[in-house]
Amino acid sequence: VISLRVPTDLEVVEEAVDVIARHCLACGLGPRAARFNLRVALSEALSNAIVYGNGLDPSKSVNVRVEMASQGMTVQVSDEGEGFDPAAVPDPTLPGRIDRPDGRGLFLIRQLVDDVSFNDRGNAICMILRRA
């Protein structure tokens with residue numbers, strides 16, 4: 001299990017992702033999943049938590065918890081925000097939404113990981129990546 005507390009600062013996202021991806025690669029997650037899928041999905045989840053969840057409030061932080069298992073890994077990212085309704089985030093691929101920046105991060109996450117769920121409050125995302 002890896003637990004990481006990340007400050008509400010977009011400048012540290014890349015470093016946090018690097019630390020977690022290196023650990024997951026060492027634990028046997030496939031190179032493509034560790035080098036691409038995990039990195040992009042975790043970067044998006046952290047950025048969303050920092051910007052939308054914590055509202056860029058430096059007094060708040062984001063928690064990341066990674067559990068490795070024989071079948072894959074579970075990554076949970078939680079912020080200190082009010083939460084949101086993931087079902088209310090519009091599909092960014094719909095006509096009229098292509099040029100809008102919102103909703104793309106969640107769309108990317110859903111394409112790159114095997115399973116995505118949220119807690120009831122909507123301030124924590126759980127992403128599952130299975131071993132190939």
Side-chain angles (χ1 to χ4, degrees):
V1 175
I2 308 169
S3 291
L4 194 61
R5 190 174 191 91
V6 180
T8 296
D9 179 356
L10 289 170
E11 297 291 319
V12 300
V13 169
E14 187 176 349
E15 185 179 345
V17 170
D18 283 346
V19 167
I20 291 169
R22 276 196 310 269
H23 183 79
C24 293
L25 193 57
C27 289
L29 188 65
R32 175 170 167 68
R35 292 199 178 106
F36 183 76
N37 296 48
L38 171 67
R39 285 182 173 276
V40 174
L42 183 55
S43 293
E44 291 295 337
L46 280 169
S47 298
N48 284 348
I50 289 168
V51 174
Y52 300 110
N54 287 349
L56 296 170
D57 181 343
S59 70
K60 296 178 178 179
S61 60
V62 176
N63 290 307
V64 181
R65 180 179 168 85
V66 181
E67 291 183 45
M68 298 296 294
S70 60
Q71 67 272 23
M73 65 182 293
T74 301
V75 180
Q76 183 172 353
V77 177
S78 58
D79 59 61
E80 296 181 49
E82 298 296 315
F84 78 113
D85 177 5
V89 176
D91 181 343
T93 65
L94 293 174
R97 301 224 34 103
I98 296 290
D99 294 332
R100 302 215 22 183
D102 57 317
R104 291 184 183 167
L106 189 53
F107 176 81
L108 273 173
I109 290 169
R110 286 182 167 139
Q111 302 308 306
L112 293 170
V113 302
D114 297 302
D115 191 38
V116 177
S117 60
F118 295 86
N119 67 351
D120 289 340
R121 183 170 150 191
N123 72 326
I125 183 172
C126 181
M127 303 173 284
I128 296 174
L129 286 94
R130 294 185 184 87
R131 292 189 198 269

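Note that the structure is a prediction, hence the values are computed from the model and not measured.
- Here the closest heavy-atom approach between residue G105 and residue E44 is recorded as CA-OE1, 3.2 Å.
- For E67 (side chain) and V1 (main-chain N/O), no donor-acceptor pair under 3.5 Å exists by modelled atom type.
- With a 4.5 Å cut-off on side-chain heavy atoms, P58 and D9 do not count as touching.
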If you apply the rule side-chain contact (heavy atoms from CB on, under 4.5 Å), what do you find for L38 with M73, and how did you get there? CA-CA 10 Å; L38 171 67; M73 65 182 293; 4.0 Å; yes
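- The local environment of CD in E82 is sparse, with at most 12 non-hydrogen atoms from other residues, nucleotides or ligands closer than 6.0 Å.
- Side-chain atoms of L112 and F36, non-hydrogen and from C-beta on, do get closer than 4.5 Å to each other.
- A donor-acceptor contact shorter than 3.5 Å is absent between the side chain of N54 and the backbone of T8.
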Worked verdict on L106 versus F118 for side-chain contact (heavy atoms from CB on, under 4.5 Å): CA-CA 11 Å; L106 189 53; F118 295 86; 3.5 Å; yes
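- The 12-atom threshold is exceeded at CG of D85, counting heavy atoms of other residues, nucleotides or ligands nearer than 6.0 Å.
- A chain of hydrophobic side-chain contacts below 4.5 Å, direct or via other Ile, Leu, Val, Met, Phe, Trp or Tyr residues, connects L10 to V6.
- Between the CD1 atom in I109 and the CG atom in N37 there is a gap of 12.0 Å [rounded to 0.5 Å].
- Residue F107 is not grouped with residue V51 when hydrophobic side chains (ILVMFWY) are merged at heavy-atom distances under 4.5 angstrom, including chains of intermediate members.
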Give the C-alpha distance, both sets of side-chain angles, the deciding distance and a yes or no for side-chain contact (heavy atoms from CB on, under 4.5 Å) between S3 and N63. CA-CA 7 Å; S3 291; N63 290 307; over 6 Å; no
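- Here the side chains of F84 and N48 are not in contact, with every heavy-atom distance at 4.5 Å or above.
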Only pairs under 3.5 Å count here: list side-chain donor-acceptor contacts from residues 122-129, not counting sequence neighbours, and write none if there are none.
from : atom 1 : to   : atom 2 : distance (Å)
N123 : OD1    : N119 : ND2    : 2.7
N123 : ND2    : D79  : O      : 2.9

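- Taking CD1 from I50 and CG from L46, the interatomic distance works out to 5.5 Å, rounded to the nearest 0.5 Å.
- Evaluation of the side-chain hydrogen bond (donor to acceptor under 3.5 Å, both in side chains) test over residues 12-25, restricted to residues two or more places apart or in two chains, returns D18-R39.
- Contact detail for E80 and S61: the closest heavy-atom pair is OE2-N, 2.7 Å.
- Residues V64 and L56 are members of one and the same hydrophobic cluster, defined by side-chain heavy-atom contacts under 4.5 angstrom among Ile, Leu, Val, Met, Phe, Trp and Tyr.
- If you chain together hydrophobic residues whose side chains sit under 4.5 Å apart, Y52 and V12 fall into the same group.
- Between Q71 and R130, the closest side-chain pair of non-hydrogen atoms is not below 4.5 Å.
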